[in-house]
Amino acid sequence: MAGSQRVFRYVLLAVVALVVIFFVSASSGVGPGSGYTQKASELLKGQGSIYEGSGSNSVPAAGQDSKAGSGSNANPIDVVKSVVAPLQTAASSNTHDTTSPNPLSSTSSNPPLGQTAPGPRMNATFVTLARNSDVWEISRSIRQVEDRFNHAHNYDWVFLNDADFDDTFVKVTSALTSGRTRYGKIDSEHWGFPSFIDQEKARKVREDMHERKIIYGDSVSYRHMCRYESGFFFRHKLMQEYEWYWRVEPSIELFCDIKYDPFKFMADNKKKYSFVLSLYEYVETIPTLWDSVKGFMKAHPEHIVADNSLAFLSDDGGESYNHCHFWSNFEVGNLDWLRSPAYVDYFNHLDRDGGFFYERWGDAPVHSIAAGLMLKKEEIHFFNDIAYYHVPFTHCPTGEQLRLDNKCHCNPRDNFDWNGYSCTKRFFEVNKMSLPEGYEKEQ
């Protein structure tokens with residue numbers, strides 16, 4: 001019996017010893033994960049002023065009491081609040097006082113999501129040409145535009161299609177936009193072969209381009225799209241109600257906040273056309289486009305303005321086309337200009353020559369040549385601060401401070417502007433503008 005009691009006492013002492021060792025080790029802060037807690041605390045300490053006014057100069061260590069509670073029974077939620085509150089205070093007071101290369105103050109900012117910017121709105125809309133099957137790609141674009149700009153301005157969005165939009169497209173897109181959504185069907189006379197086109201000749205051209213592997217060379221729908229964007233989208237009955245448009249395509253990305261209203265900027269500064277990317281056109285798609293343009297200039301010299309941008313388009317005073325154009329999948333422009341007799345005469349002349357179908361004329365060179373000849377140089381604007389991606393090219397704003405101020409997430413090394421295949425440097429030279437500071441680092 002005595003032996004059994006001694007064994008029992010030894011076992012009891014061993015259990016007590018194990019319990020003591022456990023609590024000592026637990027309170028020491030040493031064990032799996034403690035290193036991560038310490039590193040996180042050190043990172044927070046490195047923020048410096050985030051603790052001003054908090055009554056403490058350190059983050060509570062693991063196992064240490066916080067001022068949010070007393071003793072070992074402190075509420076862990078209160079401990080978290082005691083750390084997060086000074087972080088929120090610091091974030092709300094973090095502002096920049098520098099200015100952007102654009103003549104606009106970068107200290108202005110869009111209101112938080114769900115709040116709108118003060119002041120009147122322009123008579124303007126976003127416009128997208130899309131098919132029902134594009135719903136998820138255009139949804140991505142809408143989310144980009146809304147988050148970076150339109151949540152604060154609530155501009156309308158017009159969607160155009162050569163077929164009726166289905167319920168899914170309407171429900172998804174209308175749920176994503178902050179402004180009014182409108183859905184229009186394209187008139188059949190604006191989406192098809194005009195009566196003066198020899199369709200057999202056009203078919204042979206497509207077959208030849210297919211053999212030569214020219215991009216979209218065998219596509220009929222692509223040609224209808226280019227012709228429609230060149231000469232008809234601004235005539236749609238829904239678009240007739242607006243003065244300004246911003247073209248948005250599926251699967252684009254905006255890398256920076258847009259802290260002002262580009263429509264208002266265009267109006268206030270008497271601009272009529274704008275771009276973010278420029279490049280050389282694929283020569284095989286437009287072999288006779290410039291011949292058609294020269295025919296138009298000869299027939300309508302009254303439409304060619306003085307102080308134009310011919311030097312952007314031609315290296316020899318207009319004898320030939322150097323193939324430079326503004327990439328038209330991003331445009332902010334004036335609809336009254338596109339509806340003007342000058343532009344309509346220009347489009348009608350090109351259309352009758354048949355190059356949309358006998359070749360593969362794109363709307364980008366068509367718009368660019370029109371702007372270069374029929375607008376004054378100062379009426380065309382380059383938006384350096386609107387960061388944009390459309391496969392495969394990126395415009396990332398030149399200027400580190402500008403990118404920081406506008407919360408950009410693009411890599412400046414991806415910027416296409418100063419690439420040898422870009423025409424943006426030529427635009428600066430023609431307009432006698434200084435190149436943005438830092439451009440040489442991106443060449």
Side-chain angles (χ1 to χ4, degrees), residues 127-141 159-166 169 184-236 247-252 277-293 321 323-331 347-370 389-393 421:
V127 59
T128 293
L129 186 62
R131 300 161 298 186
N132 288 313
S133 58
D134 295 323
V135 62
W136 304 117
E137 288 76 16
I138 194 59
S139 294
R140 174 183 174 182
S141 300
F159 297 95
L160 301 174
N161 189 353
D162 64 309
D164 292 320
F165 283 109
D166 61 27
F169 190 98
K185 187 174 181 179
I186 297 169
D187 293 339
S188 57
E189 63 200 74
H190 295 161
W191 191 275
F193 290 99
S195 59
F196 52 83
I197 292 296
D198 182 337
Q199 293 198 40
E200 179 61 18
K201 178 181 176 180
R203 182 187 63 79
K204 290 179 179 178
V205 167
R206 295 194 301 275
E207 291 178 352
D208 175 65
M209 286 191 169
H210 175 74
E211 290 297 319
R212 290 188 286 144
K213 295 180 168 50
I214 294 174
I215 187 169
Y216 303 123
D218 61 345
S219 174
V220 174
S221 62
Y222 188 82
R223 285 173 166 82
H224 290 327
M225 181 274 290
C226 289
R227 180 172 178 258
Y228 186 77
E229 294 282 22
S230 295
F232 297 109
F233 85 92
F234 49 87
R235 306 191 214 191
H236 193 281
R247 179 171 164 180
V248 179
E249 301 230 339
S251 298
I252 63 100
L277 284 162
S278 68
L279 63 157
Y280 292 93
E281 179 62 301
Y282 193 2
V283 178
E284 284 82 356
T285 65
I286 54 166
T288 67
L289 174 58
W290 194 251
D291 291 335
S292 184
V293 170
Y321 179 35
H323 306 114
C324 275
H325 68 280
F326 309 122
W327 217 23
S328 59
N329 47 66
F330 171 97
E331 295 177 320
F347 170 76
N348 287 342
H349 183 97
L350 267 57
D351 196 33
R352 292 292 305 188
D353 282 348
F356 290 107
F357 300 101
Y358 300 147
E359 296 177 8
R360 204 226 65 192
W361 294 354
D363 53 282
V366 170
H367 283 189
S368 302
I369 292 169
Y389 171 79
H390 182 294
V391 63
F393 300 120
Y421 201 65

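- Partners of H210 under the side-chain hydrogen bond (donor to acceptor under 3.5 Å, both in side chains) rule, at least two apart in sequence or in another chain, are D218.
- The two residues S251 and S141 make their nearest non-hydrogen contact at N-OG, 2.8 Å.
- Between the side chain of T128 and the main chain of V248, a donor-acceptor pair closer than 3.5 Å is present.
- Here the OG-CG distance, from S133 to D166, works out to 9.5 Å after rounding to the nearest 0.5 Å.
- Within 6.0 Å of atom CZ in R203, more than 12 heavy atoms from other residues, nucleotides or ligands are found, so the atom counts as buried in its surroundings.
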Should H367 and F326 be marked as a side chain to side chain contact (heavy atoms under 4.5 Å, CB included) after you check the CA-CA gap, both sets of side-chain angles, and the distance that decides it?
-> CA-CA 8 Å; H367 283 189; F326 309 122; over 6 Å; no

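- Between the side chain of Y321 and the backbone N or O of L289, no donor-acceptor pair lies under 3.5 Å.
- Side-chain polar atoms of S292 and D353 form a donor-acceptor pair below 3.5 angstrom.
- Side-chain atoms of N132 come within 3.5 Å of backbone N or O of D164 as a donor-acceptor pair.
- Although no hydrogens or angles enter the test, the distance criterion places no donor-acceptor pair under 3.5 Å between the side chain of T288 and the main chain of D291.
- Using cut-offs of 30° and 60° for the angle between ring planes, the F169 and F159 rings count as perpendicular.
- Of the inter-residue distances, the one linking R131 atom CZ with N161 atom CG reads 9.0 Å to the nearest 0.5 angstrom.
- Annotation: the span from S368 atom OG to W327 atom CH2 amounts to 12.5 Å, rounded to 0.5 Å.
- The main-chain N or O of I215 is found under 3.5 Å from a side-chain atom of R360 such that the two form a donor-acceptor pair.
- The CD atom of E284 sits 10.5 Å away from atom CG of D208, with the distance rounded to the nearest 0.5 Å.
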Begin with the C-alpha distance, continue with both residues' side-chain angles, and end with the deciding distance and a verdict on side chain to side chain contact (heavy atoms under 4.5 Å, CB included) for Y228 and L129.
-> CA-CA 10 Å; Y228 186 77; L129 186 62; 4.3 Å; yes

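- Considering only heavy atoms from C-beta on, F393 comes within 4.5 Å of L279 through its side chain.
- For the residue pair C226 and G362, the shortest heavy atom distance occurs at SG-CA, 3.8 Å.
- When side chains are defined from C-beta on, W361 does not count as touching R223, because their heavy atoms never get closer than 4.5 Å.
- Using a distance-only test at 3.5 Å, with no hydrogens or angles considered, no donor-acceptor pair links the side chain of H325 to the main chain of I369.
- The structure places CG of D351 at 6.0 Å from CZ of F356, a figure rounded to the nearest 0.5 Å.
- Remark: C324 engages C423 in a disulfide (SG to SG under 2.5 Å) (not counting sequence neighbours).
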Would N329 and I252 satisfy side chain to side chain contact (heavy atoms under 4.5 Å, CB included), going step by step from the backbone distance to the final call?
-> CA-CA 9 Å; N329 47 66; I252 63 100; 5.6 Å; no

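- A distance of 10.0 Å separates CG of L160 from CH2 of W191, quoted to the nearest 0.5 Å.
- The aromatic rings of H224 and F357 stand perpendicular to each other, their planes meeting at an angle above 60°, with 30° marking the opposite boundary.
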Give the intermediate values and the outcome of salt bridge (charged side-chain N to carboxylate O under 4.0 Å, His left out) for residues R247 and E249.
-> CA-CA 7 Å; R247 179 171 164 180; E249 301 230 339; 2.7 Å; yes

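- By the 6.0 Å and 45° rule, K185 does not stack over the aromatic ring of F165.
- At a cut-off of 3.5 Å, with distance as the only test, no side-chain donor of T285 or E359 sits close to an acceptor on the other residue.
- Listed for the R140 side chain is no donor-acceptor partner under 3.5 Å among the backbone atoms of W136.
- Here the side chain of Y358 pairs a donor or acceptor atom with the backbone of D198 at under 3.5 angstrom.
- Closest approach of Y282 and K213 over heavy atoms only: OH-O, 4.3 Å.
- By the 4.5 Å heavy-atom criterion applied to side chains, V293 and H349 are not counted as neighbours.
- Checked against a 6.0 Å centroid threshold, the rings of F232 and H190 count as neighbours.
- The shortest distance between side-chain heavy atoms of F347 and R227 falls below 4.5 Å.
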